[in-house]
Each structure stands twice: as structure tokens, then as C-alpha cells.
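Starting from 1, each residue takes its place in the sequence as its number.
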Amino acid sequence: MIGLIPTAEALALMSPDAEPEEGTDVADVLDRKRKSPHYPRLLEDIRRDGIAVPVVIDYSGTYGELREGHHRIAAAVDLGLSSIPWSSVPLRIDN
């Protein structure tokens with residue numbers, strides 16, 4: 001499946017990347033993701049071109065879980081994007 005998810009809804013997804021001292025939602029890990037050395041470039045790329053590769057969300061369990069895309073969601077929040085493209089399987093764009 002491919003679609004759009006509201007950014008606010010994406011923040012409430014479960015995050016397998018959460019550390020014990022953080023919460024369990026995507027919103028709880030974004031400050032740490034923003035500290036990544038590649039984040040400023042990703043932010044600029046998304047500002048210029050939009051989100052080219054959808055985030056990956058697994059809806060097979062009780063709660064939706066973000067499998068890939070924490071940095072892209074952080075960028076969407078920082079840029080004020082209202083929605084984010086998502087897929088249930090990883091998609092790759094070859095250059």
C-alpha cells in the first residue's frame with residue numbers, strides 16, 4: 001500500500017528506535033534523530049524537492065509502527081509539512 005499520512009498521525013506511531021529513557025512514539029525520538037550528522041542535508045533536500053522516498057509503516061500489529069523514516073518525519077515537522085508519503089514496503093529510487 002502507498003498513501004499519505006498526516007504528519008500529526010505519523011508522530012503517534014510506535015517507534016522501534018526508541019531508547020528506554022525515551023517514550024515509545026515516533027515523536028519521542030525525533031530530537032535524537034535531528035542530531036544526526038546527515039540531518040541538515042536531508043532537511044535541505046526535502047525543503048527543495050519534497051520527500052522522495054516514502055516512510056515505511058507496518059500496520060500488521062495492534063498499533064502502526066514506523067519501520068523506516070524517522071529523519072524524514074523530523075524534517076516534515078521542521079518544515080511544517082501537513083502530510084508524509086508512506087508505504088507498507090520499502091521503496092527505493094535509483095539514481
For side chain to side chain donor-acceptor pair (under 3.5 Å), just list the numbers for Asp17 and Ser15, CA-CA rounded to whole Å, side-chain angles, deciding distance to a tenth of an Å, and then say yes or no. CA-CA 5 Å; Asp17 285 2; Ser15 175; 5.1 Å; no
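- Counting only distance, with no hydrogens or angles, the side chain of Arg72 and the backbone of Val53 share a donor-acceptor pair below 3.5 Å.
- With rounding to the nearest 0.5 angstrom, the CD atom of Glu44 is 10.5 Å from the CZ atom of Arg41.
- With values rounded to the nearest 0.5 angstrom, Leu42 atom CG is found 4.0 Å from Ile46 atom CD1.
- The backbone N or O of Ala27 sits nowhere less than 3.5 Å from a side-chain atom of Asp25 that would complete a donor-acceptor pair.
- Residue Val26 is grouped with residue Leu43 when hydrophobic side chains (ILVMFWY) are merged at heavy-atom distances under 4.5 angstrom, including chains of intermediate members.
- Of all heavy-atom pairs spanning Arg34 and Ala74, the tightest one is NH2-O, 3.8 Å.
- Tracing side-chain contacts under 4.5 Å through hydrophobic residues (I, L, V, M, F, W, Y), one reaches Leu30 starting from Leu79; they form part of the same cluster.
- Looking at Leu13 and Ile5, their side chains come closer than 4.5 Å, going by heavy atoms from C-beta outward.
- Taken to the nearest 0.5 Å, the OG atom of Ser88 stands 12.0 Å off from the CZ atom of Arg67.
- Here ring-ring contact (aromatic ring centres under 6.0 Å, His included) pairs that include residues 53-77, with residues two or more places apart or in two chains, are His38-His71, Tyr59-Trp86.
- For Gly23 against Ala18, the heavy-atom pair with the smallest separation is O-CB, 3.1 Å.
- Taking each heavy atom of Ser87 and Pro54 in turn, the nearest pair found is N-CB, 3.9 Å.
- Remark: Lys33 NZ to Asp31 CG distance equals 12.0 Å, nearest 0.5 Å.
- With a 4.5 Å cut-off on side-chain heavy atoms, Val56 and Val89 do not count as touching.
- Here CD1 of Ile84 is found 10.0 Å from CD of Glu9. Values are rounded to the nearest 0.5 Å.
- The side-chain contact (heavy atoms from CB on, under 4.5 Å) with Ile73 is formed by just one residue from the set Leu81, Val29, Val55, Ile51; it is Val55.
- Put simply, CD on Glu65 and CD1 on Ile57 are 10.5 Å apart, with the number rounded to the nearest 0.5 Å.
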